[in-house]
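Below is one structure; the comments refer to it alone.
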Amino acid sequence: EDTNYVPLLTYRTGAYAGSGIHIANGMHDYLAMLNERDGGIGGVKIAIEECETGYDAQKGVECYESTKGKNALVYNPYSTGITLQLIPKASVDKIPMLSMGYGLSAAAVGNTFPWIFNVPDTYWDGASVAIKYIAEQEGGLEKLKGKKIGYIFLDAGYGREPIPLLEQLSTKYGFELVQYPVPGKEMQNQSSQWLNIRRDRPDYMVMWGWGAMTPTAVKEAVKTRFPMDKLIGVWWSAGDEDAAAGGEAAKGYKAMNFSGVGSDFAALGDIKKLVIDAGKSQTDPSSFASTLYNRGVLNSVIIAEAIRNAQEKTGKKVLTGEDMRIGLESLDLTADRLAEIGLADFAHPMKVTCEDHAGGNPVFIQEWDGKQWQKASDWIEPMTDVVRPLLEAAAKEYAEKNAPWPARTEACPN
Amino acid sequence: MFYREAGQFKTSYEADQALFPIRQDRIGLAVILLIAFVGIPLTANDFVLTSIMIPFLVFSLSAIGLNILTGFAGQLSLGTGAFMGVGAYAAYKLTSLFPDVNVIVMVLCSGFFSAAIGAVFGLPSLRIKGLYLAVTTLAAQFFLEWCFIRIPWLYNYNASGAIEIPSRDMFGILVTGPEATPLTRYFIVLAITSVIALLMANVLRGRIGRSWMMIRDMDIAAELMGIRPLQTKLLAFAVSSFICGVAGAMMVFFWLSAAEPSSYSIKLSFQILFMVILGGLGSLSGAFMGAAFIWILPVVLKFVPGMLGFDIEAATVEHLTFMIVGALIIFFLIVEPHGFARLWQIGKQKLRVWPFPY
Amino acid sequence: MQTQEMTRTKAPAGAGDAILSVNNIEVIYDHVILVLKGVSLTIPRGGIVALLGANGAGKTTTLKAISNLLGAERGEVTKGKIVFKGDEVQALSPNDLVRKGCIQVMEGRHCFGHLSIEENLLTGAYTRKDGAAAIKADLEMVYNYFPRLRERRQSQAGYTSGGEQQMCAIGRALMSRPEMILLDEPSMGLAPQLVEEIFEIVKQLNEREGVSFLLAEQNTNVALRYATYGYILEAGRIVLDGDAKALRDNEDVKEFYLGVGGEGRKSFRNVKHYKRRKRWLA
Amino acid sequence: MNAIVSNLAQPVGQPKTAERDLLLRVDNVSLSFGGVKAITNISFDIQKGEIRAIIGPNGAGKTSMLNVINGFYHPQEGTITWRGEVRRKMKPYEAASQGIARTFQNVALFKGMTTLDNIMSGRSLKMHRNFLWQMAWFGPARQEEIEHRRKVEDIIDFLEIQAIRKTPVGKLPYGLQKRVELGRALAMEPELLLLDEPMAGMNLEEKEDMSRFIVDVNQEFGTTIALIEHDMGVVMDLSDRVVVLDYGKKIADGPPEEVQASQAVIDAYLGVSH
Amino acid sequence: MLYDIFIGPFVQMVEMPDFFLQVLWEGFVAGILYALIALGFVLIFKASGVFNFAQGIMVVFAGLTLVGFYESGVPALLALLLTIGVMGALAYGIERFVMRPLVNQPDIILLMATIGLTYFLIGLGEFVFGGEPKRMIAEELGLPTGSTAIEMGERGLVILQHIDIAAAVIAILMVTALGIFFNKTRIGRALRAVADDHQAALSVGISLNQIWAIVWFAAGLVALATGIMWGARSDVSFALEIVAFKALPVLILGGFTSIPGAIIGGLIIGFGEKIGEIYWGGLVGGGIESWLAYIIALIFLLFRPQGLFGERIIERV
Ligand SMILES: Nc1ncnc2c1ncn2[C@@H]1O[C@H](COP(=O)(O)OP(=O)(O)OP(=O)(O)O)[C@@H](O)[C@H]1O
Ligand SMILES: Nc1ncnc2c1ncn2[C@@H]1O[C@H](COP(=O)(O)OP(=O)(O)OP(=O)(O)O)[C@@H](O)[C@H]1O
Ligand SMILES: [Mg+2]
Ligand SMILES: [Mg+2]
């Protein structure tokens, strides 16, 4: 029987499992639902296989090596570290890699990285939105001058990625950027960082937390009586447990998001009915439709839509990695299409082009009301004008440092 | 009776001091080398090469490195990961500073940097012993890890903080970078590992190897017999770190091709320590056996349920793997605290007297 | 052959009332090294039995087999049985055996280096339940036996001299009020005066309190003077046994163990090298 | 065997009192640990080529004395003169390189190594090939190794321990361990050999063997020997002069017969006269 | 530059006394928490000479079990009792299947075995409880959760978390109890004997099995207390296991065998680390906490190779 094989590099174990499990469930369940409901995509079932990485780069590479031979269509490493290792390998093996909203920001430059996709946004887009949102609160970008903005982050590739952009913005808008790195080992032991924050009294805090780092940070923020409405997390710090760790007192904590909030979507209803209630998933019903779960769903939506697109573009039903790349690179997920698949308004419409693999799509801010996340802003556009040149420069630098970096040989699909 | 030594007389000290004085062992080694250099390249697929053999060899080499320090010189170290990291970062810096020099030369040179750093952290070993010494090596581990993060010069100011290995060729064949074939990388790693293993086997059976073991077994007596403890220990630290450094550099150059500081974390230190202890402290062949066990077993375990037709979740497999590996470690320690190497010896002993029980 | 005969005819005195009997045990180390090849011994209640033999004959191994300490050295008893006070004890743990009244003084001292001498002695009383006063009294008794220990009572045992440690090890065993003591080379490293004293203590305990002893000793001379019965172990087998007096008079024993061959005691300076052949092995 | 004959060999039987024959002199040495006075104001000397016994009750300070001589302990007071030179605060490995070797009361063999390697380890100071040669093995390093192996084999033959050449020493019976330890010390070709209770735990036969080795070493190679032993038979037969310690003090010094007859020694050490 | 190193920090301490006090308090709390973990290590080390690497995972395991019982509907206090039972069973299991067969083996082998145990418990814990972080049921157990702010001067504020105060009290109680247990009872002496020489301890009739079951159980209880306290600060998750590394320098500093050493070592590390990080860390980019503790311990060790309160390392021939 023909299938389209989609390996999912997930982690349900290790220090970051707290975040990883929800993502893994969301990714798995949507694809499983398509298999149940529609018999796959275009009549071909999706073969889903999870490979456990434990957020560990070595194991991630091992997963990649052990699955790529099975005609893998696309990889989602869910770790910036693993992404970095796989970028060169995937480029050589000609298998696209979708790092949705994480990974190497520069990979958005499709001409340099034809095989890597990071729709809907890069970290730099995210960081610029955070600054923009702060400016909005203060009443305009010019009001940022003289403000102090703290940046607390997981001290790894993931958390360091936004720093160049933040520094750029800080010089541009004249605010002071103070960095608070949290070593991976000390994730659950952040009292020093928050003491420093207390002393420095930044006006706002931007947070790039993951795994157990986020709930600990939220708790510490509450403890040190940092004004919670001035703490803004990246979309990966937007988990329900993350905020719940602070309980009532964390009311006002904000985080960016680009995937739907809540379970009020037809497709999610199908998942619940056909997959979860049917006992075909590991999802704990209480965590269904949580922020990170929905994030996982969106990841699979992009995969599924890319498969469909590729099937249309190539006329094949059973695809290869190369076909998949075509599907991803000409992906156009419109509002209509989202509605059609039962996920109206679940995400902002996104379009991938040859040049731009990220799209720089708008994101919104959600706020914790003490019990739940609530949407707290409209879609905010990132500062593409600042981000794009930086991306170009970074891509160029990457190619130079890794010379001889192969030039793009893949034709643009349209 | 299979393993019969009778009738093999050594007529000179040369013969008696050969690495493998017994014929069966020599044949065994020849077979292993034949498999490694011919058999595996002919049969193995990319997955086996890149995910099993290359890491296995890299780990074997680092296990040899640690074994020299802990198994032979008796200095417990938990800083192996960081020393490997020093090698990796040094090699990376060297290749970017001197892009035209052959990478293999650079990989080997990187060992000198880790040797120097290892010796520095070995200094307290004169006063501090045993488990207490573990803390100085842990200090090395965490401090160096921190350096890898905090000194951007080390990773050429990459935004990601990771080192990425560019493609380099040697005699027209790509040896590093994503386009280098697994086979090429395998051969390089195999060659470096076997050569270093051989050289170390030589050192270990001579005066220097003995002086390490003297320090390990009874440092006071060693000192009263003319061994200078500081020099000897520092040499062990340096040699061990050199080898670990080369292994660390190989790890990123020929296996991972990109590495973050977390690749050289304490977890790696423990992994290597496991290999050394399970393989057998103070045994070179044990280093290989330990590496095989610790690295290959979990990889293989992952496929077992699938092969048996069970449909178990990936995470559950991972949990089970953890439990099984943990239990097996304890099991093997109980069966033979001196590791696989000793187990193998006892096995030989049994073969010798077979079919009688003793 | 004369020796064989002796083995057969003379059972140890009072064999009927044996406190400990070892029947044909075999011990293997590491699953491959066979060390004891069928050793049988009987220690009568209230007897002092000496176990003699050259280095590596298996004396220590025998004692450890009895006190069940072999497990800690990867050795095991694979055959035979050991009966102490009428019960088979192979399956007991060492501490059960101590509770039952059989304690071993290990070869090579084995004091607890970080504990003071006094604490070392007190650990000996670990299994006792008869109250602090009794223990205190025994402590006094040990100090009276070994005044040197009283002087060093607060010193860490690890830093005391070899002989002091040996006294400490023996004193520690006495603290458990045993009925049977397995003494492994008690005289090793002790000054001549002390050697005599220790054997005097053995004799006193034996006579006054009825403690039985199994002595593994290299100092055959003294051992046979105090023991009532002796076994000679060679390469894992008992090759000769008999009353202490009979052994003392045995020609081979005289020559090889007591050093009083045909022409009386030789000077150590003038021993000549010759290949010894034990007659009973012939 | 002749290979290890020390070039400083002394003809036996000559008068041994001349100052130039003095190998080592201990002057007014005191050593204490916290409150414990292990050695109090002790002086004695060791002549070239003699067998010098040190005896005394347990805890008298005999082992401590040896430890002072080879630099493991540093006395608080007093001096040690080695071949006419006064030395202070010497490191143990320096003592070794000056030709002082020893065996230990509690066997201190290298447990993880074979008999052969243990004895080879005694030759460490005499081997010089550097790390690079060692790595290459073939050529000089191997040459050196074999050369020393020959000498070690001589010692193995001498001590009659051929059969256990390749056995790890940890599992040897006690008596053989002591013998290997002697071999290891001999391999250093020392000028002064310090033996700390070499015959403890041996039966008569083994003591005889050991005595023979000690006498041979002394007579054939002229090695000076300082010997601690509790077996009075051995001490009386072997030693040229005996020094007796008690509670860290010297209570007698002289030829064996004299010492044996001294009432102080009998009271403190021998008990009933032997 | 020199000013930043030698003068600036002190000026800051004086200028912002409330903040300095807060730093000290945080250092104190961190120290107490480190000490709690270290205490578990000390217990086992003292009683068997084993460096129990699994203490970290035992903390996680205890915490997860407690929360797990609660989540499955058992009332909090009953859950606590059940968890104690589970720790007892675990102690028995470890004694029976790990320690007993490894009696008389060298330290490093036992160390390795406990690392093997760590792997096993990680797998088991994740298998049973899943990998998500769980919220500690501090409130339900009757532990205080609020905080008190002490005003100082105009803007000054020192915030004390009640849970931290509870942690300090519990730690001190445990240390006292254990201290008495070790020093005043016959079992305490036996434990130290076992740590010195397994075989000799056996020979004088000390039952290793019993002793080990007791100390592992005690270590399990300490782990449970630690799990509750750490869990209440952040969450109970497997990431906590790493915190156990912090216990190492504490342990080394205090000496492996000293119970008060664990507390004092913990406090030195806690204070040193916080003060170092807050006042000097910024000079080198921050995050020095990850190694500062080790360096502090290392410096102490160079002067006292056996730690502050450790037993002298015996070197004699
Ligand atoms: N743990 C062990 N593993 C292997 N072999 C051992 C072990 N312990 C002892 N042996 C061997 O068992 C034999 C008997 O040793 P044992 O210690 O019982 O002798 P012994 O009569 O007490 O000698 P000694 O007088 O030297 O103390 C020896 O050959 C020794 O090598
Ligand atoms: N490092 C040390 N610390 C404390 N006390 C010590 C140390 N070394 C020796 N002593 C003490 O010094 C005294 C002399 O010890 P030493 O070992 O020299 O005695 P010895 O004469 O060799 O006795 P033995 O015949 O019993 O071996 C002893 O009381 C011992 O406890
Ligand atoms: Mg013995
Ligand atoms: Mg002595």
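Reminder, nothing fancy here: chain letters follow the sequence lines and each chain counts from 1.
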> Are E:E71 and E:R135 ion-paired here, with the side-chain N under 4.0 Å from a carboxylate O?
Replying inline: no

When the 4.5 angstrom heavy-atom criterion is applied to A:T224 and chain E, the contacting part is backbone

Per-residue tally against chain A (heavy atom, under 4.5 Å) across E:S147, E:G281, E:A30 peaks at E:S147

Bottom line for A:Q188: the part with an atom under 4.5 Å from chain E's heavy atoms is both

Turns out that what part of E:Q161 lies under 4.5 Å from chain A's heavy atoms comes down to side chain

When the 4.5 angstrom heavy-atom criterion is applied to A:K223 and chain E, the contacting part is both

Of the listed E:S290, E:G130, E:G27, the one with the largest count of heavy-atom pairs under 4.5 Å with chain A is E:S290

Should the pair E:F51 and E:F53 be assigned to parallel (<30°), tilted (30 to 60°) or perpendicular (>60°) ring geometry? tilted

Cation over ring, A:R199 on A:W194, under 6.0 Å and within 45°? no

Whatever's closer than 4.5 Å to a heavy atom in chain A on E:Y34 counts as side chain

Bottom line for E:E126: the part with an atom under 4.5 Å from chain A's heavy atoms is side chain

Applying a strict 4.5 Å limit to non-hydrogen atoms, the region of A:L195 in contact with chain E is both

One option among A:A244, A:A249, A:G14, A:P215 has the most heavy-atom pairs under 4.5 Å with chain E, and it is A:G14

Carboxylate-amine/guanidinium proximity below 4.0 Å for A:R198 and E:D18: yes

For E:F28, the ring-ring contact (aromatic ring centres under 6.0 Å, His included) test, sequence neighbours excluded, returns E:W25

*Decide, yes or no, whether a salt bridge links E:K134 with A:E241 under the criterion of side-chain N to carboxylate O below 4.0 Å.*
no

Open item on the list: Between the side chains of A:D203 and A:K230, is the shortest nitrogen-to-carboxylate-oxygen separation below 4.0 Å, so that they form an ion pair?
Closed with: no

Turns out that what part of A:D155 lies under 4.5 Å from chain E's heavy atoms comes down to neither

